[in-house]
Structure formats: C-alpha cells, structure tokens
Q: 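This structure is in structure tokens; I'll ask about it shortly.
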Amino acid sequence: MEDKSELLNSEERSLNFIEQIVETDIQNKKNKGLVYTRFPPEPNGYLHIGHAKSIVLNFGVAQKYGGKTNLRFDDTNPVTEDTEYVDSIQEDIKWLGAEWVGEARYASDYFEQLYQWAEKIILDGKAYVDDQSAEIISQQKGTPTQPGTESPYRSRSVEENLDLFRRMRAGEFKNGVKVLRAKIDMASPNMHMRDPIMYRILHAHHHRTRDQWCIYPMYDYAHGQSDYIEGITHSLCTLEFEVHRPLYDWFLEQIYTQETVRPRQIEFARLNLNYTVMSKRKLLELVNKKLVNGWDDPRMPTITGLRRRGYTPEAIRTFADRIGIARRDNIIDVGLLEFSIREDLNKKATRVMAVLDPIKLVIDNYPNGKEEWLETENNPEDESAGKRKIPFGRELFIERDDFMENPPKKYFRLSPGNEVRLKSAYIIKCVNVEKDENGVIKLIHCTYDEESRSGSGTEASKRKVKGTLHWVSAQHAIDAEVRLYDRLFNDPDPAGHKDVDFKEFLNPDSLTILKNCKLEPMLANAKAGEGFQFQRLGYFSVDKDSMPNNLLFNKTVGLKDAWAKEMVKE
Ligand code: ATP
Ligand code: MG
C-alpha cells in the first residue's frame with residue numbers, strides 16, 4: 001500500500017519519471033522537441049477506472065508540454081470488438097474532459113499499410129509463412145532457459161513466402177492453416193523474440209473493414225507500426241509490455257527511415273484497486289451473466305458506472321493525479337477513490353433534507369394548518385452557494401433510527417422526555433408515542449419551543465441541545481426510491497485466488513433498494529446526474545432513469561471519512 005500521507009497531499013508534486021524522460025527528450029531536441037501521445041483502447045469493453053489513469057497520463061503529459069494526443073482504437077481482433085464499445089469509449093473520454101486531436105483513429109485504417117510493410121519484411125528475408133498449427137508453434141517456443149526449435153518452414157524462399165502470404169490475404173486458406181512469422185531468433189533469451197506471429201488467418205466480420213480482410217495483424221506488430229504512422233513520440237503502456245519492447249523496436253527497425261519520428265515505448269504500473277476486478281473480460285462476464293445491471297451499474301468500476309453512481313470527472317482526475325505514475329505494480333485502496341469524490345462533492349453539493357427510513361412525528365402544540373418556510377444554507381463550505389427556504393409544518397418525517405423509546409446512556413437523538421434540534425428549525429421534545437397492534441411505533445408526539453427557531457436571534461434559538469436531526473415536512477415531502485451500494489466484492493483481491501473463481505467473492509448485500517424515502521420538495525426538479533448531500537446521510541446523485549413522478553437516487557459515497565481518519569491514526 002502507498003504511503004497515505006503522500007497520497008493525500010495535493011500540493012504541487014515533483015515530475016514523474018515519464019515527465020522526466022519527456023523533458024530530457026525535449027532538451028535534446030529529439031523528434032524536433034515534439035510530444036505526441038496516444039490512448040489506444042481495444043473496443044472490446046467499456047473503459048474502467050484503470051483506463052482513466054492511462055487517459056489522465058497520456059493526455060496530461062501532452063498537454064503539459066504543448067503536445068497532442070490521438071485516440072486510436074486498437075481494433076485488430078474482429079471477434080471481440082463492437083461499435084457499442086467504440087461509442088461508449090469516446091463518450092467516456094470526453095466526459096473525463098480529455099480532447100484528442102482530429103477524428104478518432106483506428107488501427108484497422110492502417111491494415112493496407114501494415115500489409116505492405118509485412119511484404120517488405122518478407123522481401124528482406126525477415127519473415128516467413130509457417131504451415132504449422134498454433135499448438136505446434138507454441139510447443140516449439142522452448143522455455144526461458146531452453147532455446148526454441150526452428151520451424152521446418154523457416155528457410156522457405158522469399159518468393160514462396162511472398163506467394164503464400166498473398167494467397168493468405170486472397171482467402172485461399174482456412175483459419176489457422178498458416179501464419180506469417182517474423183524471422184528473428186529461436187534461441188533469444190526473450191521468448192517474445194522467438195519468431196513471433198505477425199499475421200493469422202481469421203475469416204471474420206470486422207466492425208469497420210467488414211469482410212475486406214481475412215488475415216489480421218497481431219497486436220505486437222500492429223501497435224508500434226501504428227504509432228509510427230501517427231508520428232507518436234512517446235508510446236506509454238502498462239508494465240506487462242516491458243518484455244515486448246525489444247520486439248516493438250525490432251518491428252520499427254524494419255521500416256524506420258531517418259527524418260521520421262521514432263516512437264519510444266515507455267511502461268508504467270497499471271492501476272490495481274482492492275475490492276474490485278478490473279479486467280474487461282471479467283467485467284464482461286459480470287454483465288453477460290447478469291450479476292450486475294449492465295456496464296453502467298453503479299457498483300462497477302467502469303467510467304460509466306462511476307458516472308451513474310455520481311462521481312465527477314474532477315474527482316476521477318484528482319484521484320489519478322494522487323496515485324501518480326510508478327514503475328512498480330502496487331495496489332491502491334478503493335478508499336482513496338472514495339476520499340476523492342467525497343472531497344469534491346463536499347465543495348460542490350447542495351445540502352438537502354431527505355429521510356430514507358421515515359417515521360412520522362407530530363408537533364402537538366404547533367398550529368394545525370400552519371406552514372412556514374425556513375431559511376437554510378445550501379452549502380456551509382461555500383458561501384456563494386447562498387441560502388434557500390424549506391417548508392415546515394405540524395407533521396414531519398424523521399429517520400426511524402433517530403428515535404429510541406428506551407435509549408442507552410449517551411443517546412443524543414430523540415427519546416421520550418428528551419430534546420433535540422431539528423436542523424434549521426426548532427427544538428422539539430418527545431412527549432409520547434403511538435404504536436400499532438404489533439407494538440411498532442407509528443407516530444411520535446412532540447412539543448416544540450416556539451421561541452427556538454434557528455437564526456431567529458432569540459435566546460432560545462441559541463440554546464444548545466446535544467442532538468440535531470434532519471427532517472422533512474410530511475405535507476410537502478416527495479417520494480423517491482434510493483439505492484444504497486456496498487462493495488461489489490467482499491474480498492480485497494477477488495481475482496487473486498488460484499483455486500477460487502472471482503465471482504465467488506461477490507458481495508450478496510452490495511445493493512439495497514429503499515422505496516419509501518421522503519425528500520424535501522425542491523428535489524422534484526433535480527436533473528439526472530446532479531449530486532446532493534443528504535444531511536447526515538451521505539452524497540447522493542440522481543439516477544439517469546429518474547423521472548419527475550418516479551425519482552431515483554443513487555448513493556455515491558458516505559459522509560464518514562474512514563480512510564482519512566485511519567490515516568490520521570497511523
Ligand atoms: P484489460 O486488461 O482490462 O482488458 P487492456 O489493457 O486490455 O485492459 P486496452 O483497451 O488495451 O485494455 O487498454 C487501453 C490502454 O489503457 C492501454 O494503454 C492500457 O495499457 C491502459 N490500461 C488498461 N488497464 C489499465 C490499468 N488498470 N491501469 C492503467 N492503465 C491501464
Ligand atoms: Mg489490451
């Protein structure tokens with residue numbers, strides 16, 4: 001785990017190692033001092049919080065040094081890709097506030113160029129067509145300590161290779177019957193250099209090129225060459241590609257000419273968060289098996305899920321900045337993400353009255369039919385947010401667990417004979433309760449001190465009582481459904497168990513739906529995505545499916561700052 005005091009400090013930070021490399025390159029006038037990055041998602045799923053880290057890094061570095069960033073879809077695998085993902089990825093990047101230059105690009109736009117370069121590599125005697133199956137090829141790879149075995153097809157003539165490769169493209173062969181391999185070194189200590197596959201045959205429909213191609217380039221070949229085509233100077237990727245870097249450079253070496261930009265691959269540690277999974281394959285499985293309600297389920301670590309939950313782009317960007325860029329893998333506490341959104345909403349969110357588990361209360365000495373509009377602050381953290389008026393009346397709702405008939409010592413909420421202040425309103429005292437035939441309390445009778453209204457300036461208004469409760473006027477209250485969320489997994493590393501499937505660790509209590517909530521009337525006009533602080537309860541945001549006659553709220557995050565508290569203790 002990171003040093004927490006370091007993470008909480010949002011002061012100006014020192015350069016990360018990637019910025020240091022970039023600054024050195026600029027000083028040395030490498031690539032004429034240009035900084036050009038790309039964000040290269042594969043459109044086979046929705047973006048998640050890990051991608052946000054990569055987005056903030058790629059777009060952030062370019063922006064900092066006056067450069068540019070491309071969005072490039074790495075769409076070399078037609079089987080898993082889909083335009084739904086292409087659209088969602090663009091929406092999520094824009095929402096995060098990043099802007100790519102020009103149109104989105106696609107590796108598939110370069111298929112012809114990549115093919116032409118493959119022919120050149122064949123002509124140079126550095127690639128060959130292999131007729132062996134993928135299984136055999138993989139068996140011949142050897143081990144890290146033992147060299148691989150050369151394919152019997154390795155010494156095919158240039159003419160034969162070229163002819164076969166052209167016939168592969170023309171569709172003469174079935175899937176898997178032939179591959180094109182780079183001719184590098186079967187004894188290389190780096191397994192990725194042992195004649196890696198460049199092209200495979202795949203008779204499949206591609207979401208962009210349709211049925212134009214039946215051979216597809218492998219990621220390692222396509223990625224670096226696409227960087228080169230776009231003039232990318234710094235190709236930032238996650239650590240698992242470090243061992244691929246010699247291959248990235250080898251492929252570039254085959255086509256590089258002086259006077260062009262020579263991309264450089266730099267690896268950084270991916271974001272790992274505890275209590276979640278972040279592989280798109282696993283997230284897709286949760287969606288397909290309906291273990292969550294889609295990619296935008298507020299429990300998902302996807303950008304669209306976080307957005308629906310009520311996260312703001314600012315909070316996600318601050319989070320990405322805080323965790324920084326490291327060269328070693330680490331695990332970040334999901335509490336830090338929650339800290340970032342809480343901090344942002346604390347600054348921005350209007351404080352409102354909402355009662356999630358209501359019980360009715362009547363003020364016996366308050367005049368029947370009287371209504372008052374009492375002033376309350378919108379946000380004590382932000383004076384410019386101003387004030388508003390909320391309705392008060394004889395009948396109110398309060399939270400069921402803010403009342404106890406037989407309280408323990410030091411219970412400062414409402415109980416018979418005890419006084420509390422109603423936030424922005426009066427001091428009340430409980431006189432008795434009414435119960436139904438099962439002994440369940442259905443009505444709390446109180447009296448109020450007419451002189452004690454908050455802000456009225458009287459002695460009684462300044463009187464201190466130990467507890468302050470939130471409330472909603474029963475006559476004015478509007479109904480809403482509120483959804484509470486807990487962690488999706490109840491294990492810190494659900495995907496990290498060798499013998500147990502990650503789905504075994506799904507938290508059965510991750511979603512609680514409350515259907516009978518009472519809100520102050522101004523929330524009837526709240527718009528989808530808008531965030532509020534429900535006084536004493538936490539931060540909540542309006543769900544995208546919310547309608548004026550069917551209000552839906554999602555709990556974004558609680559008020560209690562367990563993470564920062566823990567930090568102070570340490
Ligand atoms: P997954 O393993 O979730 O399927 P991926 O790496 O295959 O992710 P891509 O669509 O290829 O997903 O990722 C696009 C970019 O985002 C890549 O540069 C990748 O390195 C980066 N990225 C993906 N996951 C993370 C993460 N957890 N932390 C930081 N960057 C990430
Ligand atoms: Mg990938």
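Throughout, residue positions are numbered sequentially from 1 according to the sequence presented. Counting starts at 1 for both ligands and their atoms, following the listed order.
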Q: Backbone or side chain, does any N or O of K53 fall under 3.5 Å from an N or O of ligand 1?
A: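 It does not: no N or O of K53 is found under 3.5 Å from an N or O of ligand 1.
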Q: Which atoms of ligand 1 are found less than 4.0 Å from any heavy atom of P40?
A: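 Atoms satisfying the 4.0 Å criterion: 14 (C), 18 (O).
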Q: Enumerate the atoms of ligand 1 whose separation from the nearest heavy atom of T238 is less than 4.0 angstrom.
A: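 Reading through ligand 1 atom by atom, the close ones are 20 (O), 29 (C), 30 (N), 31 (C).
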Q: Any nitrogen or oxygen of K280, main chain or side chain, under 3.5 Å from a nitrogen or oxygen of ligand 1?
A: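 In this structure, K280 places an N or O atom under 3.5 Å from an N or O of ligand 1.
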Q: Which is it for K544 and D296 under the salt bridge (Lys or Arg N to Asp or Glu O under 4.0 Å) test, yes or no, and what are the steps along the way?
A: CA-CA 10 Å; K544 71 169 177 40; D296 67 350; 3.4 Å; yes
Q: Checking contacts here: is it the side chain or the backbone of F39 that comes within 4.0 Å of ligand 1, counting heavy atoms only? Could be both or neither.
A: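 Just the side chain.
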Q: Which ligand 1 atoms, with their elements, are less than 4.0 angstrom from a heavy-atom of S279?
A: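 What qualifies from ligand 1 is 3 (O).
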Q: Is the shortest heavy-atom distance from the side chain of I331 to the side chain of L273 under 4.5 Å?
A: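 No. Closest side-chain heavy atoms not under 4.5 Å.
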Q: Measuring from the heavy atoms of H48, does anything fall under 4.0 Å of ligand 1?
A: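 True for this residue.
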Q: Using ring centroids (six-membered ring only for Trp), state whether Y219 and F241 fall under 6.0 Å.
A: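 Yes - the distance between ring centres of F241 and Y219 falls below the 6.0 Å cut-off.
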Q: Counting both backbone and side chain atoms, is some N or O of C237 under 3.5 Å from an N or O of ligand 1?
A: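 No, since none of the N or O atoms of C237 sits under 3.5 Å from an N or O of ligand 1.
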Q: Should F489 and V334 count as side-chain neighbours, where that means a heavy-atom distance under 4.5 Å?
A: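 Side chain of F489 against side chain of V334, heavy atoms only: no contact under 4.5 Å found.
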Q: Are Y128 and S151 close enough that some pair of their side-chain heavy atoms sits under 4.5 Å apart?
A: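 Yes, close enough: below the 4.5 Å cut-off.
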Q: Mark yes or no: K555 above the aromatic ring of Y485, with NZ or CZ under 6.0 Å from the six-membered ring centre and no more than 45 degrees from the axis.
A: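 That pair does not qualify as a cation-pi contact.
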Q: Could you walk me through whether Y228 and F251 satisfy the ring-ring contact (aromatic ring centres under 6.0 Å, His included) test, starting with their C-alpha distance in whole Å, then the side-chain angles of each, then the deciding distance to 0.1 Å, before giving a yes or no?
A: CA-CA 10 Å; Y228 184 64; F251 281 133; over 10 Å; no
Q: Which ligand 1 atoms, with their elements, are less than 4.0 angstrom from a heavy-atom of P41?
A: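 What qualifies from ligand 1 is 10 (O), 14 (C).
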Q: Counting only nitrogen or oxygen atoms and a 3.5 angstrom limit, does A269 reach ligand 1?
A: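 Such a contact does not occur with ligand 1.
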Q: Could you say whether the N/O atoms of R38 and ligand 1 ever approach to under 3.5 Å?
A: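 No, there is no polar N/O contact under 3.5 Å.
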Q: Does NZ or CZ of R327 fall inside the cone over F17's six-membered ring, less than 6.0 Å from its centre and within 45° of the axis?
A: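 Yes, R327 sits over the ring of F17.
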